[in-house]
Every structure is written in C-alpha cells, then in structure tokens.
Visitor: 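Could you have a look at this structure, given as structure tokens, before my questions?
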Amino acid sequence: MLKSRRKFIKNLLSFTAYSLTLGSDLVHATIANSSWIKQSFSLSVYDETIAHLFNGAELIDNHNKIKFERLPHIAENGAVVPIKIISHFKKITKIFILVENNPHPLSAEFNLSATVAAEVSARLRMAKTSNVIVIVEADGKYYRKTKKVKVAIGGCGG
Amino acid sequence: MSSIKIRTKRLDGNTQIRTLITHPMENGRHKNNQGELIPAHFIQELWVEHNKNKIVNCNMAGSISKNPYFDFLLKGGEVGDTITISWIDNLAKTDSKEHTIK
C-alpha cells in the first residue's frame, strides 16, 4: 500500500516536471516567432479553432459580398487546391482560411493593410472531402462563407 | 538562387502581385520511402512590403501546398516602386527578395 503510494507520488512528480519542460518549449517558440500564433494553428477541432479565434463573436453567414473563384467542386488532388477570395467590404483587415476536416483546420491568416484590395489567392492542402470556410473581418464584424469541396486523393499524408 | 519569384502586372491603375516560393511545406504527417515520418518544415509567416511599408502579413501552417503560390492586388502602385517579399519558416530559415514594378 505504502509502496504504491510512493510510486504514485514519484510518477506525479516526474509528470509535472515533464509538463513544465514542455511548457517552456512553447514559450521559447512564441518568442522565436512572436506573431505566429502557435495555439490557433495547432488546434485540431474546427469548433475549438473558431471559439479560440473569435472568442464567441457573431459570424454572419453566407454574405454575397464574399466570392470564391478557382475553388473547384471536386478536387482531383488534395495536395493542391487553388482558392481565390474576392470581397467587396470596406475596411477589410483580416481574411482567415479554414478547412473543416483537416488535422489542423486553420490554414492561413492574412492581415491586410488599407492599400491592398481584398483579392487574395492561395493553394491549399486538403486531407479529405470537407467544407472550406473563409472568414473575413471587416470593420470589426466577421463574415463567413462556406463551400464543400470533394477530394479524390488526400494531400495530408497518413 | 532565391527561393522567391515575383511577378507584377499593372491592371487598371492597380498592381497585381503574384509570388511563387520554392519550399517543401512538410506538415510532419508525410512518410518517406522507409516509412519514417518526415519532420515538419513549413513557412510560418510571409510578409509583403511596398516601398518598405508592410502591406500584407500572412500566417500559415503546413496545410498550404508545397511550393506555395499567392497573389494580392495592390491599390495603386507606380512604375519603379519596389515590392519586397520575405518569409520565415518553423526552422527559423528565412529568405527575402526585392522586385521593381515595370
């Protein structure tokens, strides 16, 4: 009885030490690349990512001022899925691209200054058939648009 | 040779900036021929400057394709202006290239 309790405490201590070192590694990474938000990019559940990024702010769905171009209905190769986002809101500050079923849903975050028009293209990797979600921040409000893309061959390894 | 290619095009008073970067963008989930995982190696941050003013800052993860391509539309922009594009990856490697609008 006594022995097992001792073992338990020993395990507990080593576990605490391990998590402390893990924690300090995280701190180090954030200092090295200060503006890259490790936490939001490492979350693996879509809803958690949304909650972390927008902190419960209202997302206005399917606004017709956000347009997708180039994004296919069926992507033959998930390793390269082109996307172009065009938006006509004034005062756009940020554009987020998320892929719902990817291991890490957040793909990219663009911070745009006032001298850039909201026309942004990129090429995504998709693990499997999923919704592609674009969230635009304009004048303090968030607008979301979703499109489902079928993927024939996944591009995230496995 | 630089890993960054930049092309610009004047379109009705605006300037289209297109860039192609040579980078493996490994997300840490791919396996090599021996079945071992290839360690993650991807660009974390990319920024675009117009005449030394930062106009775009992009954070990204390994879910962007290998050899990433981006394009942006700059409002205005004159012939002779400089566009600088730089990136830093998760192994703290970095590259930068300057381009003059023609």
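In the text below, chain A, chain B and the rest are named by the order of the sequence lines, each starting its count at 1. When reading the values below, keep in mind they use all heavy atoms of this one structure, side chains included, and skip hydrogens, waters and symmetry mates.
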Visitor: I'd like to know whether NZ of A/K150 has more than 12 heavy-atom contacts from other residues, nucleotides or ligands below 6.0 angstrom.
Guide: no
Visitor: Going by the rule side-chain hydrogen bond (donor to acceptor under 3.5 Å, both in side chains), which residues pair with B/K52 if we only count those two or more places apart in sequence or in a different chain?
Guide: B/E98
Visitor: Can you list the residues that meet the side-chain hydrogen bond (donor to acceptor under 3.5 Å, both in side chains) rule with B/H41, with sequence neighbours excluded?
Guide: B/D89
Visitor: For B/N51, check side-chain contact (heavy atoms from CB on, under 4.5 Å) against everything at least two apart and list the hits.
Guide: B/D81, B/T82
Visitor: For A/A114, is it the side chain, the backbone, both or neither that has a heavy atom under 4.5 Å from a heavy atom of chain B?
Guide: backbone
Visitor: Main chain of B/I64, side chain of A/R123: is a donor-acceptor contact present, judged purely on distance under 3.5 Å?
Guide: no
Visitor: Name the residue from A/L112, A/T115, A/N111 that meets the side-chain contact (heavy atoms from CB on, under 4.5 Å) definition with B/I55.
Guide: A/T115
Visitor: Can you pull out the residues in residues 80-93 of chain A with any heavy atom less than 4.5 Å from chain B?
Guide: A/V80, A/V81, A/K84
Visitor: Can you tell me how far CZ of B/F72 sits from CZ of A/F110, rounded to the nearest 0.5 angstrom?
Guide: 5.0 Å
Visitor: Non-hydrogen atoms of chain B under 4.5 Å away: do they reach the side chain of A/I95, the backbone, both or neither?
Guide: neither
Visitor: Can you tell me which portion of B/K66 sits under 4.5 Å from chain A's heavy atoms? Options are side chain, backbone, both or neither.
Guide: both
Visitor: Just wondering, more than 12 heavy atoms not from A/N55 lying within 6.0 Å of its CG?
Guide: no
